[in-house]
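Input: a single structure, listed below in structure tokens.
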Amino acid sequence: MSPTSKVVAGSSAARSTRNIIDAALSGERLDEPDLLQILRCHDRDVWEICEAADEIRSRAVGNVVTWVRNQNINVTNICVNNCGFCGFSRKVGDPDAYFYGEDVIRERAAQAREREVTEICTVSGLHPGFDARSYVQVYSWLREEAPGAHIHAANPMEVAYAARKSGISTKEVLRQFKEAGLSSMCGTAAEILVDPVRKIICPGKISTAEWVRIIEEAHRMGIPTTATIMYGHCESVGDRVRHLSILRELQDRTGGFTEFVPLSFIHMNTPLFREGKARAGATGREDLLMVAGSRLFLDNIPHIQVSWVKLGQKMAQMCLMAGGDDIGGTMFEERISRGAGAQNTDYLDPSEMQRIAEDIGRVLVQRTTLYERI
Ligand code: SF4
């Protein structure tokens with residue numbers, strides 16, 4: 001058991017799973033021991049938890065499954081970091097290292113415009129030659145080629161990196177990014193917001209406190225973000241609970257999270273798994289409970305996205321019956337999960353999303369990045 005688990009488990013007497021479910025259904029805010037108990041459930045109570053989460057989803061957002069038409073542009077896979085869970089990054093000189101220049105970025109953005117995507121996502125490796133100006137240039141090229149698209153880009157790690165390379169504050173980086181066309185920021189690089197776990201899986205990344213600080217700065221500057229967790233590697237259940245608690249507290253302060261996206265660890269091609277430091281990803285039970293537990297615990301984040309890229313389409317559908325309300329994006333050109341070993345991650349057709357939604361009695365609705373219905 002990690003230190004976090006002990007703190008959470010020991011903080012108050014546990015109540016029964018039924019009591020926790022009834023409390024959530026009556027609108028009571030759950031506490032950390034409640035969530036710990038939910039995520040630890042190993043018996044048929046799993047179905048009752050999922051049913052309650054589905055009921056709360058229905059009350060919160062109605063009978064819909066939403067999706068967004070989006071395209072990734074991962075500008076480079078060259079990265080100065082060595083995160084143990086990453087199968088995407090390469091070093092300069094590696095045979096499959098790549099770096100898109102202005103022409104390719106403009107061409108990809110024009111392709112996105114032709115595909116009528118409403119959102120362009122860019123998250124890339126931390127290229128040794130990048131500074132704040134490099135990111136600003138990329139966003140301004142995207143803005144020029146696809147003026148109607150929402151630019152969902154950068155994460156707190158990229159903001160911190162740009163600030164360090166340019167010798168300016170993270171607030172100044174965010175100001176420049178916003179001015180260049182950044183519409184919202186990715187809540188990735190969160191992984192698990194518990195520093196001892198971060199030291200194992202991503203020692204070169206920013207600390208929990210820095211991640212929280214940069215997200216809060218973005219929210220206060222009117223830049224909304226998503227929130228994520230990456231689970232199923234070497235973290236404890238208590239670490240997951242702490243992570244969700246940090247997100248809920250932050251959302252109470254700013255209201256800037258648009259959605260929560262649980263990201264199930266894809267292990268196959270990652271150093272962490274190969275070196276025996278991580279298990280082979282979460283189980284199906286854990287995936288269901290992560291979505292259901294998030295819906296029950298994060299009472300201030302209206303949307304829970306199920307990532308078909310991480311879960312596969314069939315498990316994603318099950319998670320839509322356990323509190324999830326959004327199936328994410330079409331994901332033209334997904335590379336990051338593919339790099340870690342996931343299959344069939346490049347593009348999910350809306351007709352297939354419709355089949356998934358209708359099969360569970362829900363209506364598929366296209367949305368913008370900020371959840372306006374189209
Ligand atoms: S997760 Fe991001 S920062 Fe870490 S090695 Fe991969 S590309 Fe680099």
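Counting starts at 1 for both ligands and their atoms, in listed order.
Around atom 4 (Fe) of ligand 1, protein N, O or S atoms at less than 2.8 Å number 1.
We find that R295 and D325 are joined by a salt bridge, their nearest charged nitrogen and carboxylate oxygen being less than 4.0 Å apart.
For the pair R164 and Y161, the cation does not sit on the ring face, since its NZ or CZ is not both under 6.0 Å from the ring centre and inside 45° of the axis.
With H267 as the fixed residue, the ring pair (Phe, Tyr, Trp, His ring centres under 6.0 Å) test singles out one of Y231, F273, F85: F273.
Classified by interplanar angle (parallel below 30°, tilted 30° to 60°, perpendicular above 60°), the ring pair W211/F257 is parallel.
With hydrogens and angles disregarded, a donor-acceptor distance shorter than 3.5 Å links the side chain of E158 to the backbone of N155.
With 3.5 Å as the limit, one finds a donor-acceptor pair spanning the side chains of R115 and Q71.
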